[in-house]
Amino acid sequence: MEQKCKYIFVTGGVTSSLGKGIISASLAKLLQARGYRVTIQKLDPYINVDPGTLNPYEHGECYVTEDGAETDLDLGHYERFLNVPTSQANNVTTGKIYQTVIDNERRGDYLGKTVQVIPHITDEIKRRIKILGDSGNFDIVITEIGGTVGDIESLPFIEAVRQLQWDMGEDNAIVIHLTLIPFLSAAGELKTKPTQHSVRFLLESGVQPDILVCRTEHPLNAEIRRKIALFCNVNVNAVIESIDVSTIYDVPLVMLKEKLDKVVLSKLKLAAKQEPLLEEWKEFLQHIKHPKNEVNIALVGKYVELPDAYKSINEAFIHAGAANECKVNLKYVHSELITDDNVKDKLKDFQGVLVAPGFGGRGIDGKLVAIKYARENNIPFFGICLGMQCCVIEFARNVVGFNDAHSSEMDSNSKHLVIDIMSEQKNITQKGGTMRLGAYECALQKGSLASKIYGKSKITERHRHRYEFNNKFTKDFEKHGMLVTGTNPETGLGEIVEIPSHPFFIGVQFHPELKSTVENPHPIFVKFIKKAMDLK
Ligand code: GLN
């Protein structure tokens, strides 16, 4: 008989931001490296249907999957660690659950019945959890429950986990609880009480964690491990230390040392198969820890106060740095603070300038000034989405001579709307989930920088935008030295612009950062860093 899919639930206690996403991704990596097919799903207890309508300051970057789901940034970690794409089914929110249940109710599916959190909401949560397992594509599904146990919003999710474990039996579904062991410096001691309390919260909901992963700044000695095990009712070998490390990419190795994967497999009654194959991973770590070169890259954007707003770009630079054995010092430069007068001072120490994605008019002027500086001073330039649109506007104004050039997102009265709303977007009034989302093909012009970077003539990249390059002006741009070198083969939409006379100047309408992984660093990031190194 074919082996049924096994489930691992990851909950968090004591405080948020303990890194459930990284622990889930690291465990998944180890299981994958032992030969299992693994995917990770995130359940988010908030009521937004997806994070697409959230300001980056609220929740960090919105990650986009191949099939066009706007998702939590943890899905980015899952893909970067596993090198396997996620999908719509990998991120579920309370909003999605309720939307489905209410639609069912209106259709009459529950006719005659009172619709309630238990069983209707919990059944829908269970259905969503099982979709991935039932697909036949995975041996193990790891489901990360967002939020912290004890939150009102999380309760239906915890109840669904309890029921699933009861339905499936404990050999088929286990719970890992991630918790914090704080160090009180005045007492010079690690404290276990918050962990005991958070486990008690879970127990009150009928869930006994099988494994505890303990975040700590100091090693846990045998006595503390025994104490945690005793009071939280788990085996001593199921108390896993997760000590602070210098890079998230160390966590799989730290978990390997603590035998998290082995404990998980034995609880799920699965064979350990081979020792995890992690040679490439170790080599990657070797490269980020012992770089031979160093470059400074400026990330010009307006959400710079919150590093998570540009998470995937950050990580893509780490991958590209490793590929070049180069340390990339990525510094955030606030676009609102860049002016003609200070741009030289602000950007003089950088070997490359990246202008970030974004929405709305705030900070645009500073971005245009930064692009002009990079263009005129032959500094490698890379614009992503809004960053690409800005480099088109800058070129139109300062080279083509369209003084009022703009995007209709900022100024619809301009006579030269070099960036304009896509025709398919014109009649859309709803904001949620209506952008051009997910993977589309792009054909690359022969001989272009893009085709050299990718080494092929057709690519697919992921999108999230409403505005586009206005093809009406293509000739004007070409005449002055900016070329459209990547286009969507079906719609003719301009996806890539370049200035061939510049050492490295590229703007892309899509989001290459979303496809960069440890195993497959994105070629544009890799070549951008290479150029920055060469010109240093
Ligand atoms: N605001 C721009 C648009 O909607 C760019 C979006 C982005 O940078 N993701 O087209």
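One-based numbering, in listed order, for ligands and for the atoms of each. FYI, side chains are in, hydrogens and waters are out, and symmetry mates aren't considered; it's all heavy atoms of this structure.
Between F382 and I524, the shortest heavy-atom distance links the atoms CZ-CG2, 3.5 Å.
For ligand 1, one of its N or O atoms has an N or O atom of L386 under 3.5 Å away.
Of all protein heavy atoms, the one lying nearest to atom 4 (O) of ligand 1 is R466 N, 3.0 Å. Of the protein's heavy atoms, C385 SG, 2.9 Å lies nearest to atom 7 (C) of ligand 1. At the top of the distance list for atom 9 (N) of ligand 1, counting protein heavy atoms only, stands R464 O, 3.0 Å.
The number of heavy atoms from other shown groups lying within 6.0 Å of CZ (R106) does not exceed 12. Sparse packing is recorded around CD of Q430, with 12 or fewer heavy atoms of other residues, nucleotides or ligands lying under 6.0 Å away. No more than 12 heavy-atom neighbours from other residues, nucleotides or ligands sit within 6.0 angstrom of NZ on K458. The neighbour count for E58 CD, taken as heavy atoms of other residues, nucleotides or ligands under 6.0 Å away, does not exceed 12.
Residue contacts with ligand 1 include H511, since one of its heavy atoms falls under 4.0 Å from the ligand.
For the residues H465, E409, M388, the heavy atom positioned nearest atom 1 (N) of ligand 1 is part of E409. Of the candidates G358, A356, G301, it is G358 that places a heavy atom closest to atom 8 (O) of ligand 1.
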(message) Working note: L417 + S407, criterion side-chain contact (heavy atoms from CB on, under 4.5 Å); need CA distance, chi angles, decisive distance, verdict.
(response) CA-CA 5 Å; L417 289 174; S407 158; over 6 Å; no

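The ligand atoms of ligand 1 that sit less than 4.0 angstrom from a heavy atom of P357 are 8 (O).
By the criterion of a heavy-atom distance under 4.0 Å, the side chain of Q389, and not its backbone, is placed next to ligand 1.
Atom-to-atom distance recorded for E153:CD and T93:OG1 is 12.5 Å, nearest 0.5 angstrom.
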